[in-house]
Amino acid sequence: MQWIAPSEKDTLSDTLERNLWSTADQFRANSGLKAQEYSGPILGIIFLRFAEVRFAKQRAELEKQAAGSRRGSRVDDPNAYVAAGIIFLPESARFDFLLNLPEAKNIGAKLNEAMREIEKQNPQLAGVLPKTFNLFTSTLLKELLKKVSEIPATVDYDAFGRIYEYFLGEFARTEGQKGGEFYTPSSIVRLLVEILEPFHGRILDPACGSGGMFVSSAKFVAEHKKNPSAELAVHGVEKTDETGRLCRMNLAVHGLEGDIRHGGQVNSYYDDPHQATGKFDFVLANPPFNVNAVDKERLKDSVGPGRRFPFGLPRTDNANYVWIQLFYSALKEAGAKSPGGRAGFVMANSASDARSSEQEIRQKLIESRAVDVIVAVGPNMFYTVTLPCTLWFFDKSKTNPGGAALPRRPDQTGPSNSSAVPDRSETILFLDARHIYRQVDRAHRDWTDEQISFLANVVRLYRGEKPDFTLGGKAAETKLAEHFPKLQYRDIAGFCKAATLKEIEAQGWSLNPGRYVGVAPGETVSDEDFKEQFEALNEELVRLIAQARELEQTIAQNAAEILEN
């Protein structure tokens, strides 16, 4: 299936974002600092602007309440803001106060002090906010404050989030490969969230970067008319202290709090600060791919059923199946009255067909019945790498015979079209989304809301859930009905296939969607598709040759024993 959406963008927001970035880029040109040195302070000023808008709105509400009450005013009571999930800002830490300072006042020192005052009044931000503004001249800081003040206070809160996300993305581009460690493109994150449907529960990201998975989950909950702070408990682990602080600041920008463990040599391979095994309703992650030099000796005590690595450690020097098992083991098991946990994560394509010990682990994983959906993603979706990737989804609710899962969604009491739903305990859904995208510019692609909604709703049909068009609206609904008459799941050649475990076993326990969805009638095979198919056939040939050699050795050994006797 091919669906290339036209490149469209909100002109007003686009202009504002680019103007802000142009000003921020002056820091690089005029300070001589690296992106990682000036990104924190710039994001700190944008954070301050967002915090002030929310603070001012709550302050106006408290003033209104005070005018109609005999009780004392709570306008200057920090608790009245914290209780509403709002960051309290002392007068000297408010954006307008800092904006109106003359350059002679050493604005860098004033901004550093403002950040300290905010942390003092809001303990959840302790040690998080940047305090290196003294690296810049007052002239540069004044110019940035003026530009950031151009973000209209009347613009909806989601627009603030988009601007913040835009800056995270631009810094990711600027920092190259390092930027990929803290930022996952928003359309990838949104598809993960839409398929996981995190309406309520505990969320874990053991490689949380700047916290985009948490922010997108909260947005999903808010769009379904619930309070994210009341519905979600956020838990993250981030190896890099600087990125961990960025995550906590990102959460605060969006009115969220979370238990984020970062820095201090914390490492998800060796450390388990949240005691995660079997504790989480949702796991979302974009881990670093193909990491080597993991000290497996330190992991051996965590191997076995009910532990962090239930299927064993890979013998190869590659951590992909270390991560995959961490995600699997953190999920809650399905109970009589509660659904099992779900995971959604980004993974290198090579993990889908990896051989030897990784194949053995993958077989056990598939036989556990927890693997739910695999989505092939085309190239150029990430800022820092051009390679394609794969999205994996687990669902421990489908491990029961029959695949029937307890309802998760507030609007649903059971499967909406159970007669058309495959036995999910015996199947895995494969989606080939490589030819569904929007070309943002020459080098980058993403998905539109309509495309994300379409893909997620295909999964919902497969699961027997009602479609949800909160995202994507009528356009997504029309597209879904066009390809799935009566809104019932069906296999579509070249796009989706509910493959049985027997079919998957016949393919050497491969989780490569291209092996199952095939090619649509009349569709030509692209160079990219041909290369992938050729690689798969070559891997199969290598496997058969290895088996032939083993069989040859066995025959020779048996013949020698017969001759000796």
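Everything numeric in this text was worked out from a predicted model, so none of it was measured. The first residue in the sequence is number 1, and the count goes up from there.
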Working for salt bridge (Lys or Arg N to Asp or Glu O under 4.0 Å), residues Asp259 and Arg261: CA-CA 6 Å; Asp259 184 357; Arg261 309 295 178 90; 2.7 Å; yes
Quick check: does any side chain N or O of [X] sit under 3.5 Å from a backbone N or O of [Y], one acting as donor and the other as acceptor?
X	Y	value
Thr390	Val375	no
Asp271	Pro273	no
Arg202	Leu232	no

Set of residues satisfying salt bridge (Lys or Arg N to Asp or Glu O under 4.0 Å) with respect to Asp446, sequence neighbours excluded: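 Per chain and number, Asp446 pairs via salt bridge (Lys or Arg N to Asp or Glu O under 4.0 Å) with Arg438.
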Salt bridge (Lys or Arg N to Asp or Glu O under 4.0 Å) partners for Asp491, two or more places apart: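 So Asp491 forms a salt bridge (Lys or Arg N to Asp or Glu O under 4.0 Å) with Lys497.
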Atom [atom1] in [X], atom [atom2] in [Y]: separation rounded to 0.5 Å?
X	Y	atom1	atom2	answer
Ser329	Leu331	OG	CG	8.0 Å
Phe393	Ile195	CZ	CD1	3.5 Å
Ile492	Leu431	CD1	CG	9.5 Å

Over 12 foreign heavy atoms within 6.0 Å of CD, Gln265: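 Incorrect, the count does not exceed 12.
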Residues forming a side-chain contact (heavy atoms from CB on, under 4.5 Å) with Glu257, sequence neighbours excluded: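 Here the qualifying residues are Gln124.
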Lys225: partners by side-chain contact (heavy atoms from CB on, under 4.5 Å), with sequence neighbours left out: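 Residues passing side-chain contact (heavy atoms from CB on, under 4.5 Å) with Lys225: none at all.
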Stepwise side chain to side chain contact (heavy atoms under 4.5 Å, CB included) test for Phe47 and Ile87: CA-CA 11 Å; Phe47 160 83; Ile87 296 168; 3.6 Å; yes
Candidate pair Arg463 and Tyr489, rule side chain to side chain contact (heavy atoms under 4.5 Å, CB included), full reasoning: CA-CA 9 Å; Arg463 288 173 174 163; Tyr489 176 79; over 6 Å; no
Please enumerate all residues that pass ring-ring contact (aromatic ring centres under 6.0 Å, His included) together with [X], with sequence neighbours excluded.
X	value
Phe220	Phe199, His224
Tyr516	Phe430
Tyr321	none
His235	His274, Phe280

CA sep, side-chain torsions, deciding dist, call: Arg342, Asp281, salt bridge (Lys or Arg N to Asp or Glu O under 4.0 Å): CA-CA 6 Å; Arg342 283 180 177 174; Asp281 299 286; over 6 Å; no
Derivation and outcome, salt bridge (Lys or Arg N to Asp or Glu O under 4.0 Å), residues Arg424 and Asp395: CA-CA 10 Å; Arg424 288 177 57 220; Asp395 187 350; 3.1 Å; yes
Apply side-chain hydrogen bond (donor to acceptor under 3.5 Å, both in side chains) to [X] and list each qualifying residue two or more places apart in sequence or on a separate chain.
X	answer
Trp447	none
Ser352	none
Lys147	none
Glu223	Arg190

Test log, rule side-chain hydrogen bond (donor to acceptor under 3.5 Å, both in side chains), inputs Thr316 and Asn318: CA-CA 6 Å; Thr316 183; Asn318 186 307; 5.7 Å; no
Salt bridge (Lys or Arg N to Asp or Glu O under 4.0 Å) evaluation trace for Arg515 with Asp353: CA-CA 10 Å; Arg515 289 178 179 252; Asp353 280 313; 3.2 Å; yes
With His262, the side chain to side chain donor-acceptor pair (under 3.5 Å) member among Glu238, Arg245, Lys239, Arg248: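 It is Arg248; the other options fail the test.
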Aromatic contact, Phe289 with Trp323 (centres under 6.0 Å):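 No, ring centres 6.0 Å or more apart.
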Aromatic ring proximity, centroids under 6.0 angstrom, Trp392 and Phe327: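 Distance test on ring centres: not under 6.0 Å, no.
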Intermediate values then yes/no, side chain to side chain contact (heavy atoms under 4.5 Å, CB included), Thr132 and Leu135: CA-CA 6 Å; Thr132 55; Leu135 295 174; 3.9 Å; yes
Taking all non-hydrogen atoms of both residues into account, name the closest pair between [X] and [Y] and its distance.
X	Y	value
Ala456	Leu191	N-CD1, 4.1 Å
Asn457	Pro467	OD1-CA, 3.1 Å
Ser268	Leu326	O-CD1, 3.5 Å

Worked verdict on Tyr437 versus Ser187 for side-chain hydrogen bond (donor to acceptor under 3.5 Å, both in side chains): CA-CA 10 Å; Tyr437 59 86; Ser187 65; over 6 Å; no
Asn250 versus Ser210, side-chain donor and acceptor atoms under 3.5 Å: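 Distance-only check fails for Ser210 and Asn250.
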Evaluation steps, side chain to side chain contact (heavy atoms under 4.5 Å, CB included), between Leu192 and Phe345: CA-CA 7 Å; Leu192 291 171; Phe345 54 92; 5.7 Å; no
Sidechain N-carboxylate O distance under 4.0 Å for Arg460, Glu194: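 So Arg460 pairs with Glu194 through a salt bridge.
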